[in-house]
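Each remark here refers to the structure printed beneath this line.
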Amino acid sequence: MVKWTELERSTVKAIWEKIDIDEIGSQIWARVLIVYPWTERYFGSFGDLFTITAILKNDKVAAHGRMVLKALDKAVNNMDNMKRTYADLSRLHFQKLEVDPDSFRLLADCITITIACKFKSALSPQSQAIWQKFISAVVDAMSSQYR
Amino acid sequence: MVVWTDFERTAIQDIFSKIDYAVVGQAAFSRCLIVYPWTKRYFGGFGNLYNAAAITSNPRVASHGKVIMEALEKAVKDMDNIKATYAELSALHSEKLQVDPDNFMLLGHCLTIVVASQLGKAFTPEVHAAFQKFLAVVVSSLRKQYY
């Protein structure tokens with residue numbers, strides 16, 4: 001089980017409170033599809049993803065990003081139980097969606113970078129380190145049902 | 001050989017013309033040592049790296065950060081020859097410094113975060129993708145002489 005200090009808990013919550021799920025959610029997903037284009041293979045039903053402009057305007061992309069961030073809220077509120085919190089989601093991504101678990105790390109990087117764009121110097125090195133620990137724990141929990 | 005689009009060339013050159021090497025170099029390198037603490041093992045001669053405050057105020061960290069940015073500039077100035085440009089540096093990191101090449105992308109990730117926080121909205125997904133590709137080519141070239 002991951003151990004969290006008081007500072008780590010409060011830093012993660014402080015970062016999370018400042019995030020506008022609507023604004024950041026739509027951006028993170030567009031970044032993943034644009035920066036790591038092979039991830040588009042999972043989203044055949046999303047319509048036009050053929051150009052960067054299309055991805056940036058695609059409503060399904062934006063909605064999916066917001067959905068992912070809402071799921072991240074569960075991790076923020078259950079930092080001591082992430083594996084159990086994400087067991088069902090992990091199984092879904094493994095058995096039904098057949099998503100390569102490396103993709104979780106790519107998404108985690110895009111979330112961190114989107115936050116850096118928004119917060120700028122307010123994401124200090126210490127905050128980045130704590131956020132990295134948190135998001136790595138989320139990635140681990142999402143990979144936990146892969147066998 | 002890597003093929004660069006005009007957009008990618010312009011985006012990379014634009015980023016490097018806008019950033020202050022001393023500031024960004026220090027920020028990215030100190031973040032790497034803070035967020036991925038095992039990387040400190042390569043810098044035993046740098047003095048006090050015991051905590052984030054020490055790392056952030058360490059003058060050798062600052063000057064090494066600038067050295068790294070100046071080395072990256074060589075790649076920016078000759079984007080069609082990055083492998084050749086870094087052949088010696090690659091051999092140095094492999095044979096003399098014995099750096100685990102997985103660490104190159106950790107520094108790359110920290111640099112991306114610093115650039116993102118400096119450029120804010122201007123670090124669009126498209127620019128981010130170009131920067132990611134540039135870093136991937138740099139890392140690949142630095143790995144070339146490892147065997």
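Convention: sequence-line order gives letters A, B, ...; per-chain numbering from 1.
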Would you give me the side-chain donor-acceptor pairs under 3.5 Å for residues 108-120 of chain B, sequence neighbours excluded?
from	atom 1	to	atom 2	distance (Å)
Thr112(B)	OG1	Gly108(B)	O	2.8
Ser117(B)	OG	Ile113(B)	O	3.4
Ser117(B)	OG	Val114(B)	O	2.9

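With a threshold of 4.5 angstrom between heavy atoms, Glu126(B) approaches chain A through its backbone and through its side chain. In this structure, chain B has no heavy atom under 4.5 Å from any part of Thr114(A). With a threshold of 4.5 angstrom between heavy atoms, Leu56(A) approaches chain B through side-chain atoms but not through N, CA, C or O. Interface remark: Thr56(B) contributes no atoms to any contact with chain A (heavy atom separation under 4.5 Å). At a 4.5 Å heavy-atom cutoff, the contact between Gln128(A) and chain B is made by backbone and side-chain atoms alike.
Contact annotation for residues 25-54 of chain B against chain A (heavy-atom separation below 4.5 Å, listed by residue number): Arg31(B), Ile34(B), Val35(B), Tyr36(B), Ala52(B).
Counting non-hydrogen atoms of other residues, nucleotides and ligands closer than 6.0 Å to NZ of Lys77(B) gives a total of 12 or fewer. Atom NZ of Lys66(B) has 12 or fewer neighbouring heavy atoms from other residues, nucleotides or ligands inside a 6.0 Å radius. When the shell of 6.0 Å around NZ of Lys144(B) is examined, it contains 12 or fewer heavy atoms from other residues, nucleotides or ligands.
Under the 4.5 Å side-chain heavy-atom criterion for grouping Ile, Leu, Val, Met, Phe, Trp and Tyr, Leu72(B) is connected to Val99(B) within one hydrophobic cluster. When hydrophobic clusters are built by joining Ile, Leu, Val, Met, Phe, Trp and Tyr residues whose side-chain heavy atoms come closer than 4.5 Å, directly or via intermediates, Ile19(B) is not grouped with Val67(B). No path of Ile, Leu, Val, Met, Phe, Trp and Tyr side chains, each step under 4.5 Å between heavy atoms, connects Leu106(B) with Tyr146(B), placing them in separate hydrophobic clusters. Hydrophobic clustering (ILVMFWY, side-chain heavy atoms < 4.5 Å, transitive): Phe134(B) and Leu106(A) are in distinct clusters. Transitive grouping of hydrophobic side chains (ILVMFWY, heavy atoms separated by less than 4.5 Å) brings Leu92(A) and Leu72(A) into a common cluster.
Side chains of Ile113(A) and Phe123(B) form a contact here, defined as non-hydrogen atoms less than 4.5 Å apart. Taking 4.5 Å as the limit, every side-chain heavy atom of Ile52(A) sits out of range of all side-chain heavy atoms of Pro125(B).
From Ile34(A), atom CD1 reaches atom CD of Gln132(B) across 13.0 Å, with rounding to the nearest 0.5 Å.
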